[in-house]
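Notes follow once the structure below has been shown.
Both counts, for ligands and for their atoms, begin at 1 and track the order of listing.
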Amino acid sequence: MKIGILTGGGDCPGLNSVIRAIVRKAIMDNSQVIGFKNGWKGVLNNEMTMLDLDSVSGILPKGGTILGTSRTNPYKIEGGVAKVQATLQNNQIDALIAIGGEDTLGAANKLFKDGVHVVGVPKTIDNDLNATDYTFGYDTALNIAMECIDRLHTTAESHNRVIVAEVMGRHAGWIALEAGIAGGADIILIPEIPVDIERVCDLIKRRHSRGKTFSIVAVAEGAQLKDHDVTVNQSLDQFGHARLGGIGQTIGELIEKKTGFETRITVLGHIQRGGSPTAFDRVLGTRFGVKAYELVQQKKYGQMVSLKGRDIVSVSLQDAVGELKTVPLEFYQLAETFFG
Ligand code: F6P
């Protein structure tokens with residue numbers, strides 16, 4: 001068999017673990033693997049590289065993706081679907097494995113309906129993809145964010161400051177919530193629950209009235225403050241997403257103004273996406289890669305590999321991209337126990 005693979009959307013730690021696993025498993029089975037460069041862009045432009053044992057040697061602990069990535073949407077390019085089909089046909093590729101989040105896999109799902117033999121692998125540090133308990137990349141981002149919150153504690157305490165830590169999370173607050181719980185943040189703000197700034201300030205004042213001289217606020221970049229637009233750049237990418245940013249700054253300024261406590265803002269940004277994957281993400285990526293190859297072998301196209309409990313299973317791409325997996329209210333309420 002000849003298989004094509006691509007990595008699309010924002011990069012994340014663990015992508016190389018998946019690539020390595022697919023290539024190792026395929027070569028053991030006498031299959032060939034072609035890596036398309038920069039996501040769907042490489043398929044559209046016929047840009048690829050042959051992947052062999054040498055190309056995947058030593059990449060397991062490496063962050064990012066050896067194939068490169070982009071936010072290219074084949075459905076936003078004139079004749080995009082025909083170009084994808086032509087590339088696969090001209091290179092005699094039997095099936096494609098698309099590794100990505102809701103956007104990359106949303107395109108994969110549409111291509112499947114348009115007759116392309118494709119299987120999906122779920123990745124995103126946001127952990128907001130449906131039909132899988134976890135995406136790889138999330139655990140690494142979560143641990144980085146937690147470590148940053150730990151570090152912010154010592155400096156906030158030394159200076160008697162409030163520090164607002166803005167973490168990633170466009171539509172879902174998983175990183176803010178779990179890094180906030182694990183790092184002992186005093187308030188956590190997520191996109192799913194609109195921010196009530198008066199309540200935030202009251203919680204900080206209550207905490208300081210019991211003798212505490214510092215506070216840490218974890219906020220997801222997509223958190224919504226009434227009457228405030230968190231968009232940094234109005235131009236949308238090919239999947240319709242604007243660039244977010246600025247909510248931490250706004251909340252920090254309001255906290256300082258309303259409470260009188262000196263406040264600083266830290267935006268973690270792409271630090272959360274860079275660097276070496278955790279053991280969890282390396283193992284999950286490896287298991288996903290092997291399973292994705294098996295799905296292709298069994299011609300189970302239109303499917304995505306998924307983690308359910310401790311098992312790797314397959315689900316339909318349609319179920320995975322239908323809607324986002326956001327933070328349930330009960331989980332947020334649990335976190336509220338520790339606010340203030
Ligand atoms: O991949 C998901 C994500 O990291 C989001 O959390 C964030 O909003 C976005 O990507 C940032 O995208 P970019 O890398 O294009 O700045």
Query raised in the report: Under 4.0 Å between a Lys/Arg side-chain N and an Asp/Glu carboxylate O for Arg199 and Glu336?
Result: yes

Report task. Please determine if Arg207 forms a cation-pi arrangement with Phe339, meaning its NZ or CZ atom is less than 6.0 Å from the six-membered ring centre and no more than 45° off the ring axis. Result -> no

Query - CD1 (Ile271) with more than 12 external heavy atoms under 6.0 Å - result: no

Query raised in the report: Is it true that Glu198 and Lys258 make a salt bridge, defined as a side-chain N closer than 4.0 Å to a carboxylate O?
Result: yes

Query raised in the report: Can you check whether Gly35's main-chain N or O pairs, donor with acceptor, with Thr49's side chain at less than 3.5 Å?
Result: no

Query - Enclosure of Lys308 NZ (heavy-atom neighbours >12, cutoff 6.0 Å) - result: yes

Query raised in the report: Using a threshold of 4.0 angstrom between heavy atoms of the protein and any atom of ligand 1, which residues qualify?
Result: Gly10, Arg71, Ile125, Asp126, Met168, Gly169, Arg170, Glu221, His270, Arg273

